[in-house]
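I am attaching a structure below and will ask some questions about it afterwards.
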Amino acid sequence: MPLTIYNTLTRKKEEFKPLDENGKHVGVYVCGPTVYGDSHIGHAKSYVSFDIIIRYLRYLNYNVTYVQNITDVGHLLGETNEGEDRMLKQSRIEKKHPMEIAEYYTRSYFEDMDTLNVVRPDISPRATGHIIEQIEIVQTLIKKGFAYESNGSVYFDVSKFSEYGKLSNRTIEESETGTRVETRSEKKFPNDFALWKRAEPEHIMQWSSPWGKGFPGWHVECSAMSMKYLGETFDIHGGGMDNQFPHHECEIAQSECANGKPFVKYFLHNNLVTVNGQKMSKSLGNFTTLKDLFKKFDPIVLRFFILQSHYRSTLDFSEEAISSSAKGYEKLLNTVKKVREGLGLEGGGLGKEERKPQTTNHKPFEITNYKLQFMEAMNDDFNTPQVIAMLFDFSREVNTLLASGNVSKEQLQEIDLFFSEVGGNVLGIIPKENENKTTSILKEDKVMKVFIKLREKLKSEKLWLFSDLIRKELNDELNITLEDGKEGTTWKKK
RNA sequence: GGUGCCGUACCCAAGUGGUAAGGGAGAAGUCUGCAAAACUUUUAUGCGACGGUUCGAAUCCGCCCGGCACCUCCA
């Protein structure tokens, strides 16, 4: 089965075929954050989802250019001019220049994403760095008759673009009768959206334009930056479902009218995070920031938790749910650790010399079927929950194999490679081996061996009181767990 | 009012025509000095309700009930 992805434009799953005639290059644009606050778990779901998509495309050997913007121009909170610019609002609260706010929260965003093991975009263009490009698009749209100036602002004339509404499946007539707020008289039609806004003198973030001092409309930055770095038509545009309308609808309108070409081949939308069944969002204030969550949970557990549901499903957030995931994740990682101990790649056990793998009569171990399951699941619109289910099945079989003691080094290597490729490179939930093997850890390993040998002696003398005391103290004081197995004692740190 | 989405065990969550994945929790067992880990078995004659299509439906169609999202800034 070839890679199939759900395209919001057609509302069905389609086979993925890159625009590139050599079939090699793939251009991806994902709507980035507006940087006026710390990121929350909703951002994590969105960017982890697209991280998987990028990683998998690269796994399939596509040459991916991944662009994700940083929105650092403030956009109005309301429909009318009374609404305050969110960047400006935050800058007033923190008593800092808007650009300082943008810089601070951009860094905060990248920090959080790095912590979640999200691969950075190849290009992270800032909206404020592309004012000229945005103005050019607005000029083109005016020239072609798709936009009009009104009192220092420029609006897109929705009535000139018959396909407006094709992404979100709505017609202009429908939304006109809706519950819309009373709109400004500057517009010809209520649905017309701002390409450029006139700035009042107190508006700090403003630029010169052919229409006077102002600032760009929200939607036009994505059109300008995607065009600049990925071309007039590109492969994949992603974003949260809440951006489908009006944001992406307007992007399509601007870009297709300006260029006279299709904007995007595949539109992908991730679903949202809910809390008690309600959408988590900044405006509702029911969000938990990632920085707070990282204090309670291992960030990789969070990533694992997100990937246990499909990107197009909603994910209900609760600490209980994450705790459950954490236990499952730990189980999975235990297997990986044991495999690596067996390969002598990681401390924890007694070392390879004491746990020599047998060299004859290995149980046959078939990995091909798991690889197939992995590909099938990922090719079916990036079904990560199925991949994780497969990993648990795989892990059970590996544990059985390990328990039999009848395993060759080659088998362990093959298993480790599979874990590293699928769980590591593609899902990003299994850390690379030797990652923490610093000198202090090596030393710790040696100290633990002394404890284990001492305790072994006590155990052989049946001095259970003392051997249990060592185990208890290590656990209570240092969070180190000793596990007595058939082939000796192993230790692990929580 | 318009446009969509969802409802699967105690909890989370895949599956979208071929007889219910996976994780957590619970129960029993194997191993073991004990503990832990691991493994085995087990927990939905049923996928919101009712009809219909079909040899066959959680999956398709209709209707009803319940929840959510978008139509206004949001990932």
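Per chain, numbering begins at 1; letters A, B, ... match sequence-line order. Computation of the quantities below employed the complete heavy-atom set of this structure, encompassing side-chain atoms and omitting hydrogens, waters and symmetry-equivalent molecules. Just so we're clear, the structure is a prediction, and the values are computed from it rather than from any experiment.
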Distance below 4.0 Å between A:Ser313 side-chain N/O and B:A14 OP1 or OP2: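 So the side chain of A:Ser313 is within the cut-off, an N or O lying under 4.0 Å from OP1 or OP2 of B:A14.
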
Would A:Phe156 and A:His219 count as a close aromatic pair, with their ring centres under 6.0 Å? no

With respect to the side chain of A:Pro385, which nucleotide from B:A14, B:G24, B:C73 is positioned closest? B:A14

Rounded C1' spacing from B:A44 to B:A9 in Å: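 Their C1' atoms lie roughly 5 Å apart.
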
Taking the C1' atom in each of B:A57 and B:U8, what is the distance between them to the nearest angstrom? 14 Å

Expressed in whole Å, how much space separates the C1' atoms belonging to B:G15 and B:G46? 15 Å

Which one is paired to B:C39, where only Watson-Crick or G-U wobble pairs with both distances under 3.5 angstrom count? B:G29

Look at the side chain of A:Lys279 and decide which nucleotide, out of B:C71, B:A69, B:C73, has an atom nearest to it. B:A69

Can you tell me, in whole Å, how much space there is between the C1' of B:G56 and that of B:C70? 38 Å

How about CZ on A:Phe297, more than 12 heavy atoms from neighbouring residues, nucleotides or ligands closer than 6.0 Å, or not?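 More than 12 heavy atoms, drawn from other residues, nucleotides or ligands, come within 6.0 Å of this atom.
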
If you check the A:Arg170 side chain, which of B:G22, B:C70, B:A69 turns out closest?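 For A:Arg170, the side-chain atoms sit closest to B:C70.
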
Would you mind classifying the nucleic acid contact of A:Ser168 as base, sugar-phosphate or nothing, using non-hydrogen atoms under 4.0 angstrom? sugar-phosphate

Between A:Thr274 and A:Asp393, the residue closer to the 5' end of RNA chain B by nearest nucleotide is A:Asp393

Nearest whole angstrom, please: distance from the P of B:U16 to the NZ of A:Lys12.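 Spelled out: NZ on A:Lys12 to P on B:U16 is 17 Å.
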
Nearest-Å distance, CD (A:Gln90) to P (B:C73)?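 Going from CD in A:Gln90 over to P in B:C73 covers 19 Å.
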
Taking atom P of B:A69 as reference, at what distance in whole Å does atom CG of A:Asn270 sit? 16 Å

Which base, if any, makes a Watson-Crick or G-U wobble pair with B:A58, both distances under 3.5 Å?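 WC or wobble partner does not exist here.
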
Under a 4.0 Å N-O cut-off, is there an ion pair linking A:Glu111 with A:Lys291? yes

When you check the gap from the basic side-chain N to the acidic O, do A:Glu444 and A:Lys493 get nearer than 4.0 Å?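 Looking at A:Lys493 together with A:Glu444, the answer is yes, because their closest N to O distance falls below 4.0 Å.
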
Between the main-chain N or O of A:Asp38 and the side-chain N or O of A:Ser108, is there a donor-acceptor pair closer than 3.5 Å? no

What is the pairing partner of B:U53, taking Watson-Crick or G-U wobble pairs with both distances under 3.5 Å in any strand?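 Because no pair has both required distances under 3.5 Å, B:U53 counts as unpaired.
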
So which nucleotide does B:U19 pair with, by the Watson-Crick or G-U wobble rule with both distances under 3.5 Å? none

Identify whether any heavy atom of A:Val273 sits under 4.0 Å from a base atom; if not, whether one sits that close to sugar-phosphate; answer base, sugar-phosphate or nothing.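 The answer is base, as A:Val273 lies within the cut-off (heavy atoms under 4.0 Å) of a base atom.
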
Searching all strands shown, indicate the nucleotide that pairs with B:G1 (Watson-Crick or G-U wobble; both distances under 3.5 Å). B:C71

Mind checking if A:Ser309 touches a base, just sugar-phosphate, or nothing, with heavy atoms under 4.0 Å?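 Counting heavy atoms under 4.0 Å across all strands, the contact made by A:Ser309 is with sugar-phosphate only.
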
For a quick check, with a 4.0 angstrom heavy-atom cut-off, what is the B/S/- contact string for nucleotides 27-39 of chain B, read 5' to 3'? ------BBBBSSS

Starting from P on B:G23, measure out to NE2 on A:His310 and report it in whole angstrom. 20 Å

In whole Å, measure the gap between the P atoms of B:C39 and B:C65 for me.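 Going atom to atom, P in each nucleotide, I get 47 Å.
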
With a 4.0 Å cut-off on heavy atoms, is A:Tyr47 in touch with a base, just the backbone sugar-phosphate, or nothing at all?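 Sugar-phosphate contact only.
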
Spacing of A:Gln244 atom CD relative to B:U3 atom P, expressed in whole Å: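 Distance, rounded to whole Å: 15 Å.
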
I need the NZ-C1' distance between A:Lys327 and B:A25, as an integer number of Å.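 For the pair A:Lys327 NZ and B:A25 C1', the rounded distance is 8 Å.
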
Using the C1' atoms only, state how far B:A14 lies from B:A28, rounded to an integer number of Å. 28 Å

Compute both the distance and the angle, then confirm whether A:Lys45 meets the cation-pi test with A:Phe317: under 6.0 Å from the six-membered ring centre, within 45 degrees of the axis. no

Determine, for A:Asp51 against A:Arg55, whether the closest basic-nitrogen to carboxylate-oxygen distance falls under 4.0 angstrom. yes

Quick one: is B:C5 close enough that its OP1 or OP2 comes under 4.0 Å of any side-chain N or O from A:Asn271?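 It does not, given that no N or O in the side chain of A:Asn271 lies less than 4.0 Å from OP1 or OP2 of B:C5.
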
Out of B:U3, B:A14, B:C70, which nucleotide sits closest to the side chain of A:Asn169? B:U3

Determine, step by step, whether A:Asp316 and A:Thr274 satisfy the side-chain hydrogen bond (donor to acceptor under 3.5 Å, both in side chains) criterion, reporting the C-alpha distance in whole Å, the side-chain angles of both residues, the deciding distance to 0.1 Å, and the verdict. CA-CA 5 Å; A:Asp316 200 57; A:Thr274 57; 2.6 Å; yes

With rounding to whole Å, what would you report as the distance between B:U42 and B:G23 at their P atoms? 14 Å

Please classify the nucleic acid contact of A:Gly42 as base, sugar-phosphate, or nothing, using heavy-atom distances under 4.0 Å.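 Base contact - A:Gly42 has a heavy atom under 4.0 Å of at least one base atom.
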
What is the separation between atom OH on A:Tyr329 and atom P on B:G22, rounded to the nearest whole Å?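 It works out to 21 Å between those atoms.
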
Kindly state whether the ring of A:His43 and the ring of A:Tyr109 have centres lying under 6.0 angstrom apart. no

Answer yes or no: is there an ion pair linking A:Lys13 with A:Glu15, defined by an N-O contact shorter than 4.0 Å? no

Without decimals, in angstroms, what is the distance between A:Asn7 CG and B:G4 P? 16 Å

Please figure out whether A:Gly277 or A:Phe304 has its closest RNA chain B nucleotide nearer the 5' end. A:Phe304

Separation between the P atoms of B:G51 and B:C47, rounded to whole Å: 12 Å

Assigned partner base of B:G66, Watson-Crick or wobble definition, under 3.5 Å: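 When the pairing criteria are applied, B:C6 turns out to be the nucleotide that pairs with B:G66.
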
